[in-house]
Amino acid sequence: MLLIWIKDSQNASLFRLSLIEKTLTSTLEKYQYLPKILSHDTRLRLAVEDNDYGSQLNELLKSMQISAGVDILYLMNNKGIVIATSNYDQPTSFMNNQYEFRPYFEQSMREGSGLYYGVGITSKIPGYFISSRIEGFNSGFGVIVAKVEPNNIERSWQQLTGDVLVVDDNDVVIMSAQKSWKYNSLTALSANQLESINKHQQFAGQTPKLIVNNSFYLNWASLTLWEIDDQHFLMESTQLGKKENTLLKNWRLYYALPLNTIIEKTIFSSLIIAFLLYGLYVFIKHLRFIEYTRNLKEKTDQKHRAEMQLIIDQTKVGILTLDQKGNILSNNATFQALCNYDDSDEIKGKNINKFVGLPKRFEEAINIKETFTEASLTDKSGSSALPIMYIISPININDSLYLMTIVNITKRKKVEEALSFANSRLEKLVQERTLALNAAQKELMRQEKMVVLGRMAAAIVHELSQPLVAFKSALASIAIKQQRSDWEGVNTSLNNLLPLCHNMQDILIQLKSFAYQGGSSTKAESVDLNKLITRLLSTYLENNAATIDITLDVQTPLVSMNSTKLEMAIGNLVRNALDAVEKSEQAKVFVSTQVIDQHAFVIVEDNGGLMDESVVEHIFEPFFTTKSIGKGLGLGLAITNNIIKEYDGNIEVKCLENSTRFTISLPLS
């Protein structure tokens, strides 16, 4: 008889566990979307970028907290300091508190989101913390956290026959109607587990203690008995959470039914049966026993249904039980309110498709694997479509094959619409700023062209004015000698004009090269860099005061480009280096080649002193030069840069301690 009652109590415990597990899971997990959505809010992203502590941010979070239905919303910067919170006006405000040590902060900074359950450091109220990282527009970042406090859930458990426990992955009781059991462990904790709990201050300074004195498992009866506080309990448990991205997957739900309650029921039932058997024949006694057992089972089922209905009615989400065709068997008051029905009897027996926009076949809806599916709920009048999320799960309890949970997401939709409106405004602002930036950029380009044109005019005037003056003077002198028929020294004057003609011709050649470079007549060919540099430098090794140090790569660097242009580009760098070391005591120019990966490098370095940073900024611009008049137009490096770019190469200049280094990079053939 005792075993029958124990088995019946086991079934009742499993039934209660199934309902509590679904209620607890749906209540806590329905807010997991919120921090992820808020992490895209433009105002919060600007706040973590500027580390803003403005009071408007507190008001914004309070408004979001009220709309979403969570208990607290707060925003932390990248150091874990709260810079805004929805409870800023409460005595237990989180403002300016530092929660860097909390695991959900560390997990969000590392993985993008975090989940954690613990006792609040400031409020001393336990809660389920859901967090998500917020990226600023440049380099700033922070964490937005939503806290859900399950106190109402624990209070509802006080009306049950047994005791409900929720334990975390350390086997520490985190939720229970029994206050003496909370934050104590069911198994002995290791030193590392205790150290981690104390480090994260998970239970506000309380160190978990072992409360299970003994445990027994009877294989022949499949029973688990625990001794807690000198009292024995029949234990049943189930795993919480089936999703990978939830903290509940590491939790376990226990239902503890006092063994003395079962024994008292057993003794009472045995006495009644014995009394009946005493005055009746065996057959009548047997019939009475069957009748009694059937009545007792009906009462137990009624009690189970009443307890189930109590749990369902206290849940703030819509809950329905359905048969295999989708017909409604029962519903709670929340669903009735969502549909605007005055009596639940008007709902029972109707098909769920009348209320919720499911697929055409009910079999398709129950096979959906997602946690929640968005749909719309039609009210009694049929004119209103309420946005909801639903999930359908099999239960197979009391003729009810499926349990359907419905969550009202109207507030969430409003938040999403507000975010969408804010994003559209931001996009419009970005477009306006982009147009303004393009206009400013065009104006800067026009001004830059005028600067280059001015430099070109100044350079040509400087380079051509001197020889023209000399020409004018020489021709005037020759004209005077002609009048006097004095031809002495005329040949010398004419010979002096010849170098001036050569200088003017060189200037025109440079201008022509700069104007017509990159034409279609220049054909690319495979060029051996080592041979080209050896041939080029042979013209500089003689009649030159500077020492030219040549280091060539042992490999044969072959590049595909026009050899004449390449020789011109490298020659410009060598001539500039020789000009730079003219006044150096130990004038040296270093020329080398290297092959790294799929690129060939030509390096030209001189010890002519440190180049000013302001010069480096304009060094590749046409007609920019630091040389004196007669030394060049400032086109050499501009021509070199254009030649290298024409063949997908790159040129860089680097100012060292007492030297300047130019590096040409070209792709190998």
Side-chain angles (χ1 to χ4, degrees), residues 502-503 505-514 516-519 521-582 584 586-596 599-608 611 619-620 625 627 631-654 659-669:
H502 288 322
N503 289 340
Q505 186 178 15
D506 289 341
I507 292 172
L508 294 176
I509 289 173
Q510 289 188 50
L511 288 171
K512 182 179 179 181
S513 174
F514 179 73
Y516 292 100
Q517 59 181 313
S521 61
T522 59
K523 296 182 179 180
E525 55 187 311
S526 183
V527 180
D528 186 336
L529 271 178
N530 289 348
K531 289 184 179 180
L532 183 143
I533 290 175
T534 301
R535 183 178 67 253
L536 172 66
L537 296 182
S538 63
T539 61
Y540 294 98
L541 291 175
E542 299 178 359
N543 302 324
N544 203 307
T547 301
I548 301 179
D549 189 342
I550 306 173
T551 304
L552 302 179
D553 197 290
V554 295
Q555 303 183 53
T556 302
L558 298 177
V559 295
S560 180
M561 62 185 300
N562 182 271
S563 60
T564 303
K565 287 191 173 184
L566 180 57
E567 186 172 347
M568 180 188 300
I570 299 176
N572 287 338
L573 295 182
V574 174
R575 283 193 294 273
N576 283 350
L578 292 172
D579 290 342
V581 299
E582 279 182 347
S584 300
Q586 296 180 348
K588 284 188 177 182
V589 174
F590 304 90
V591 181
S592 62
T593 61
Q594 291 182 7
V595 176
I596 301 176
H599 286 79
F601 294 87
V602 180
I603 302 166
V604 179
E605 183 177 345
D606 63 75
N607 63 348
M611 186 184 296
I619 192 127
F620 294 114
T625 180
K627 297 178 182 179
K631 289 290 186 177
L633 287 176
L635 288 176
L637 289 178
I639 293 173
T640 298
N641 182 48
N642 290 339
I643 290 174
I644 300 304
K645 298 291 185 184
E646 180 183 352
Y647 292 97
D648 298 327
N650 187 42
I651 182 170
E652 293 181 351
V653 59
K654 186 174 183 181
S659 63
T660 303
R661 178 188 297 165
F662 286 85
T663 303
I664 295 176
S665 171
L666 293 168
L668 293 174
S669 298

Please tabulate, one pair per line, all N/O donor-acceptor pairs under 3.5 Å involving side-chain atoms of residues 661-669, not counting sequence neighbours.
{"from": "R661", "atom 1": "NE", "to": "E605", "atom 2": "OE1", "distance (Å)": "3.1"}
{"from": "R661", "atom 1": "NH2", "to": "E605", "atom 2": "OE1", "distance (Å)": "3.4"}
{"from": "S669", "atom 1": "OG", "to": "L558", "atom 2": "O", "distance (Å)": "3.2"}
{"from": "S669", "atom 1": "OG", "to": "V559", "atom 2": "N", "distance (Å)": "3.4"}
{"from": "S669", "atom 1": "OG", "to": "S560", "atom 2": "N", "distance (Å)": "3.2"}

Distance, nearest 0.5 Å, that separates CD1 of I533 from CD1 of I570: 4.5 Å
N/O donor-acceptor pair under 3.5 Å between T640 side chain and A569 backbone: yes
Gap between atom CD of E646 and atom CG of N642 - 0.5 Å precision: 8.5 Å
For E567, all residues meeting salt bridge (charged side-chain N to carboxylate O under 4.0 Å, His left out), sequence neighbours excluded: R535
Step-by-step side-chain contact (heavy atoms from CB on, under 4.5 Å) determination, I603 to V591: CA-CA 6 Å; I603 302 166; V591 181; over 6 Å; no
Distance (rounded to the nearest 0.5 Å) between L573 CG and T660 OG1: 11.5 Å
Name the atoms and distances for all side-chain donor-acceptor pairs under 3.5 Å in residues 547-557, with sequence neighbours left out.
{"from": "D553", "atom 1": "OD1", "to": "Q555", "atom 2": "N", "distance (Å)": "2.8"}
{"from": "D553", "atom 1": "OD2", "to": "V595", "atom 2": "N", "distance (Å)": "3.1"}

Set of residues satisfying side-chain contact (heavy atoms from CB on, under 4.5 Å) with respect to K531, sequence neighbours excluded: D528
side-chain hydrogen bond (donor to acceptor under 3.5 Å, both in side chains) against N530, all qualifying residues, sequence neighbours excluded: T593
Set of side-chain contact (heavy atoms from CB on, under 4.5 Å) partners for A580, sequence neighbours left out: D606
K588: side-chain hydrogen bond (donor to acceptor under 3.5 Å, both in side chains) partners, not counting sequence neighbours: none
Heavy-atom closest pair, residues N607 and Q586: ND2-O, 2.7 Å
Distance, nearest 0.5 Å, that separates CE of M568 from CD1 of I639: 6.5 Å
Side-chain donor/acceptor of N562 to backbone N/O of E525, under 3.5 Å: no
Spatial distance of atom NZ (K565) from atom CD1 (I643) [nearest 0.5 Å]: 6.0 Å
Side chains of L532 and T534 in contact at under 4.5 Å (non-hydrogen atoms): no
Chi angles and distances behind the side-chain contact (heavy atoms from CB on, under 4.5 Å) call for K645, N650: CA-CA 6 Å; K645 298 291 185 184; N650 187 42; 2.9 Å; yes
